[in-house]
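What follows is one structure encoded as C-alpha cells, with my remarks underneath.
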Amino acid sequence: MALSRVCWARAALWGSAVTPGLYVTRKLQLVRSGLAWGAPGSSKLHLSPKTDVKNLISYVVTKTKVINGKYHRFLGRHFPRFYVLYTIFMKGLQMLWADAKKARRIKTNMWKHNIKFHQLSYREMEHLRQFRRDVTKCLFLGIISIPPFANYLVFLLMYLFPRQLLIRHFWTPKQQIDFLDIYHALRKQSHPEILCCLERVIPLISDAGLRWHMAELCTKIQHGTHPAVHDILALRNCFSNYPLGMNQLHALQMKALSRAMLLTPYLPPLLLRHRLKTHTTVIHHLDKALAKLGIGQLTAQEVKSACYLRGLNSTHVAEDRCRTWLGEWLQISCSLKEAELSLLLHNVVLLSTNYIGTRR
C-alpha cells in the first residue's frame, strides 16, 4: 500500500516536470509556424506598393467607365440631339489626337533618318498633307478663343458654321456627303472660266499643231466629251513655257485655278503663284508615291479621297470608276517633268469635267 502511494507520488512529480516542457516546445513550434506563414503577408503589405497603386488605378478607371456609361445613357434618353453632337465631338477629338500622334511619329522619323517629304511613303505623305490642312483650319478657332469667355462664342460659331470652321472629324456622315458636294459645286463654278482662259491663249501659241490640238481639246470638253490621256499629253509643251507655264499665268487665271483646287483666291498674285506651285508639287510627289505603291493597294475610302483631292467628285462615283479615273490621272502626272506642272494644275479641269457620273 505504501509502495503504491510512492509510485503515485513519483508519477505526479514527473507529470509536473514534463508537462511544462512539452507546453513550451509546442508553443515554440506554433510561434515558428506562425512566423513562417506570416512572412508572406508582411511582405505583401510592405514590399509591393506598386500592386496597390495598380489596384487603385484599376478601381478608379472602372468606376469612371461606369459613371461615363450612365451619363451617356442619360443624355441619350433625355437629350438625343445633343447626345449625337456630343458623341461626334468626342470621337472627333480622339481621331484628331490620334492623327497628331501619328504625324509626330512621322516627323520624328524624318528627323532621325534625314528623310525628305517626297521620300516618304504615300500614306505617310498624305497623312502629313491632310493633317497640316486640318491644323491650319483649326488655327482660326484657336485665335478667336484667346479672349476671356470667347469660348462660348466659338461653340456657337461651330454649331452654326460647321462646314467653314470644323474639320471632317467633326462632321456627321450626312454632312460629309453634303459638304463635299458643296465644295465641289464651288470649284466647278471656276471650270468655264479656266476653259475660257485656255481659249484666249490659243492665238499666242507659236506652234500651229499645238494650236489645233488646244482648240480641239477645248471644243471636246465644252461639248461634254471626256478627253483621252494622249489628247492631254500632246499639249505638254504648251504648259512648260509661255503662255501657259506656271510663271506666265495671269492673276485672273490663277484665282480661277485656286478655286478649282479649293485654295483661297484672296491673295496677292505673288502668293497665289507660290501657293499653286507648292500645292501642285505636293500632288505630283503624291502621284509618284502612289504609282510606286499601286492603286490596287488602296482601300475604297482612300481611292475616293485621292480622286476628290484631284478634282473628281467621287462621292457619287462607283469605286471601280474612281480607280479607272485615278489610273488616267497617274498616267498623265507621272509623265510630266517639274517644268510642266502647269498641265497637272489644269488637269483638275480637263480630266474631271465630263467624267462619267459627274455631270449633274
Side-chain angles (χ1 to χ4, degrees), residues 180-205 210-284 287 307-314 317 325-326 328-329 332-333 336 339-360:
L180 290 179
D181 285 342
I182 292 173
Y183 279 128
H184 184 73
L186 291 174
R187 66 184 180 186
K188 196 171 182 179
Q189 292 176 1
S190 63
H191 289 189
E193 185 177 354
I194 294 173
L195 290 174
C196 289
C197 290
L198 291 178
E199 286 184 323
R200 284 198 296 268
V201 301
I202 290 177
L204 302 178
I205 300 175
L210 292 179
R211 285 200 302 269
W212 181 86
H213 275 295
M214 180 66 75
E216 187 72 13
L217 180 64
C218 292
T219 302
K220 283 184 178 180
I221 294 175
Q222 289 173 344
H223 286 79
T225 302
H226 179 67
V229 172
H230 60 83
D231 291 333
I232 297 176
L233 285 177
L235 298 169
R236 54 193 301 175
N237 291 333
C238 296
F239 294 88
S240 60
N241 46 39
Y242 184 83
L244 292 172
M246 191 72 77
N247 295 324
Q248 286 79 32
L249 297 176
H250 296 288
L252 293 177
Q253 194 171 1
M254 288 191 294
K255 289 183 178 181
L257 289 169
S258 296
R259 288 194 296 270
M261 300 294 286
L262 294 179
L263 302 174
T264 178
Y266 307 109
L267 292 174
L270 186 63
L271 293 180
L272 279 178
R273 194 184 312 277
H274 174 73
R275 195 170 188 192
L276 285 173
K277 280 183 179 180
T278 303
H279 191 69
T280 310
T281 303
V282 169
I283 293 179
H284 194 223
D287 292 340
C307 290
Y308 193 90
L309 171 65
R310 292 157 176 81
L312 182 71
N313 189 13
S314 54
V317 181
W325 184 89
L326 190 57
E328 294 179 0
W329 175 281
I332 295 172
S333 178
L336 299 178
E340 301 168 340
L341 291 185
S342 179
L343 175 57
L344 190 66
L345 183 60
H346 287 79
N347 203 36
V348 174
V349 178
L350 300 177
L351 199 64
S352 64
T353 301
N354 298 316
Y355 192 64
I356 301 173
T358 59
R359 285 171 288 177
R360 301 182 55 176

Quiz item: Is Arg187 reaching over with its side chain to a backbone N or O of Leu262, donor-acceptor style, under 3.5 angstrom?
Solution: no
Quiz prompt | Thr280 side chain vs Leu345 backbone, donor-acceptor pair below 3.5 Å | solution =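 Side chain of Thr280 to backbone of Leu345: no pair is present.
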Pairwise distance [atom1]([X]) to [atom2]([Y]) - rounded to 0.5 angstrom:
X: Leu272; Y: Thr264; atom1: CG; atom2: OG1; answer: 7.5 Å
X: Arg310; Y: Ser333; atom1: CZ; atom2: OG; answer: 7.5 Å
X: Ile194; Y: Leu257; atom1: CD1; atom2: CG; answer: 4.5 Å
X: Leu336; Y: Ser342; atom1: CG; atom2: OG; answer: 10.0 Å
X: Gln253; Y: Arg273; atom1: CD; atom2: CZ; answer: 10.0 Å
X: Met214; Y: Ile205; atom1: CE; atom2: CD1; answer: 4.5 Å

Practice problem: State which residues pass side chain to side chain contact (heavy atoms under 4.5 Å, CB included) with Pro269; sequence neighbours excluded, sorted by chain then number. | Solution: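 With neighbours one apart ignored, the set is Ala251, Met254.
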Quiz item: With sequence neighbours excluded, what pairs up with His226 under the ring-ring contact (aromatic ring centres under 6.0 Å, His included) test?
Solution: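 For His226 the ring-ring contact (aromatic ring centres under 6.0 Å, His included) partners, ignoring immediate neighbours, are Tyr355.
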Quiz item: Checking side-chain contact (heavy atoms from CB on, under 4.5 Å) for the pair Glu328/Ile232: CA distance, chi angles, key distance, verdict?
Solution: CA-CA 11 Å; Glu328 294 179 0; Ile232 297 176; over 6 Å; no
Self-check item: Identified side chain to side chain contact (heavy atoms under 4.5 Å, CB included) counterpart of Arg236 within the set Leu210, Leu343, Leu344
Solution: Leu343
Quiz item: Checking side chain to side chain contact (heavy atoms under 4.5 Å, CB included) against Leu198, which of Leu350, Ile221, Val349 comes through?
Solution: Leu350
Practice problem: Tell me yes or no: between the side chains of Trp329 and Asp287, is some donor less than 3.5 Å from an acceptor? | Solution: yes
Which atoms form the tightest heavy-atom contact between [X] and [Y], and what is the distance?
X: Ser314; Y: Cys307; value: CB-CB, 3.9 Å
X: Leu252; Y: Glu193; value: O-OE2, 3.9 Å
X: His191; Y: Ser352; value: CE1-OG, 4.1 Å

Practice problem: Please work out which of the three classes, parallel, tilted or perpendicular, describes the rings of His346 and Phe239, given edges at 30° and 60°. | Solution: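 Phe239 and His346: tilted rings.
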Exercise. Quick one: which residue pairs count as a ring-ring contact (aromatic ring centres under 6.0 Å, His included) with a foot in residues 260-284, not counting sequence neighbours?
Key: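 Sorted result for residues 260-284: empty, none.
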